[in-house]
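Structure first, commentary second.
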Number of protein chains: 2
Amino acid sequence: MQPAVDPLSTTLSALADPTRRAILARLARGAATVNELAEPFDISLPAVSRHLKVLQAAGLISRGREAQWRPCRLEAGPLKDLDGWLASYRRFWEGSFDKMEAYLATITKGDPDGREN
Amino acid sequence: MQPAVDPLSTTLSALADPTRRAILARLARGAATVNELAEPFDISLPAVSRHLKVLQAAGLISRGREAQWRPCRLEAGPLKDLDGWLASYRRFWEGSFDKMEAYLATITKGDPDGREN
DNA sequence: GGTTTATTTAACAAGTATGTTAAATACAAA
DNA sequence: TTTGTATTTAACATACTTGTTAAATAAACC
């Protein structure tokens, strides 16, 4: 029943929506206006506007003010933080690399030159 | 309003809850039973049970069956997939590294030995 | 000033998430 | 077989999310 205010939760929950991830993917190729961002989707403009509000609240995008346009651009900070969080779990899927290394060590054992194949 | 949920959305939404992330952090140190996992939290056991159900549905944990216990263990697959998704954004925060390299190149320019400081 | 274009806010509906307590299930131990 | 321990399911309350349409705001254009 907590309002879920920690930044990582906010980031993850913002990213959990496929529409918002698609918006980020678009912004990865450069800044865009709300209408441009909305164009590929079958949802209303207010709905897109709200997605942008969520992304901005999470710090994943920032917005400018040019005439009547509010261009959005990607902000990578929260993604970097997420990457940092993920890093502590990385060893769990890099385990297979260890197995591969152990395997290679086995098949090259007894080879004085240490060639791997 | 879409019923089908893509795996990445499922992963992110499972991770968006701080209680569930704490559970994963605990499981990163080894398998645990539901009661063990519930112990640090101020929420009811059924609530924890439901968090585990969410994590399992997302493939982030798997469960055994030993006597009356259902031990949980971490499954890294979805985290690895998330890491793969994140990777395509990595260049956005590695840009500062490029700047650092450019900076270092500047201050070492004209130093025949190429020492960095 | 009045219109057009871009975007947001308001008001509302439907679905989902998370928590609770009480009861049910599964297995072990006595 | 009864009892205790571990865990889940049921039933319910509350709040959040996401979508809609209609109206409001902001700035450019004529």
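A quick note: this is a predicted structure, and the numbers were derived from the prediction, not measured. Order of the sequence lines fixes the chain letters, A, B, ..., with proteins taken first and strands second; residue numbering starts at 1 for each chain.
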(request) Under the side chain to side chain donor-acceptor pair (under 3.5 Å) rule, collect the residues that match up with A/Ser13, sequence neighbours excluded. (result) none

(request) Among the candidates D/dT20, C/dT18, D/dT18, find the nucleotide nearest to the side-chain atoms of A/Ser44. (result) D/dT20

(message) Is it the case that the side chain of B/Tyr89 and the backbone of A/Ala25 share a donor-acceptor pair, with hydrogens and angles ignored and the cut-off at 3.5 Å?
(response) yes

(message) Side chains of B/Leu12 and A/Arg21, heavy atoms from C-beta outward: is any pair under 4.5 Å?
(response) yes

(request) With sequence neighbours excluded, tell me which residues meet side-chain contact (heavy atoms from CB on, under 4.5 Å) with A/Thr33. (result) A/Asn35, A/Glu36, A/Trp69

(request) Would you mind reading off the distance between A/Leu55 atom CG and D/dT17 atom P, rounded to a whole angstrom? (result) 13 Å

(message) What is the distance, to the nearest angstrom, from the CZ atom on A/Arg63 to the P atom on C/dA6?
(response) 15 Å

(request) Using side chain to side chain donor-acceptor pair (under 3.5 Å) as the criterion, list what pairs up with B/Ser49, not counting sequence neighbours. (result) none

(request) For B/Ser44, enumerate each residue passing the side chain to side chain donor-acceptor pair (under 3.5 Å) test, keeping only those at least two apart in sequence or located in another chain. (result) none

(request) Produce a footprint string for nucleotides 23-30 of chain D: one letter per nucleotide, 5' end first; B if the base is under 4.0 Å from any protein heavy atom, S if only the sugar-phosphate is, - if neither. (result) ----SS--

(request) State which residues pass side-chain contact (heavy atoms from CB on, under 4.5 Å) with A/Asp17; sequence neighbours excluded, sorted by chain then number. (result) A/Thr19, A/Arg20, A/His51

(message) With a 4.0 Å cutoff (strictly under), does any side-chain N or O of B/Lys53 reach OP1 or OP2 of D/dT7?
(response) no

If you look only at distance, which donor and acceptor atoms sit under 3.5 Å apart when one is on a side chain in residues 71-79 of chain A and the other is two or more places apart or in another chain?
unit_1	atom_1	unit_2	atom_2	d
A/Arg73	NH1	A/Ser62	OG	2.8
A/Glu75	OE2	A/Ser62	OG	2.7

(request) Verify the contact: side-chain N or O of A/Arg50 to OP1 or OP2 of D/dC16, cut-off strictly under 4.0 Å; return yes or no. (result) no

(request) Check the distance between D/dT20's C1' and A/Leu45's CG and give it to me in whole angstrom. (result) 13 Å

(message) Check this one for me: any side-chain N or O of B/Ser49 less than 4.0 Å away from OP1 or OP2 of D/dT8?
(response) yes

(request) Look at the side-chain N and O atoms of B/His51 and state whether any lies under 4.0 Å from the OP1 or OP2 oxygen of C/dA17. (result) no

(message) Within residues 20-43 of chain A, which residues have any heavy atom lying less than 4.0 Å from an atom of DNA chain C?
(response) A/Thr33, A/Val34, A/Asn35

(message) What is the distance, to the nearest angstrom, from the CG atom on B/Leu12 to the P atom on D/dT17?
(response) 15 Å

(message) Once side-chain contact (heavy atoms from CB on, under 4.5 Å) is applied, do any residues pair with B/Gln56, and if so which ones, sequence neighbours excluded?
(response) B/Ile61, B/Arg63

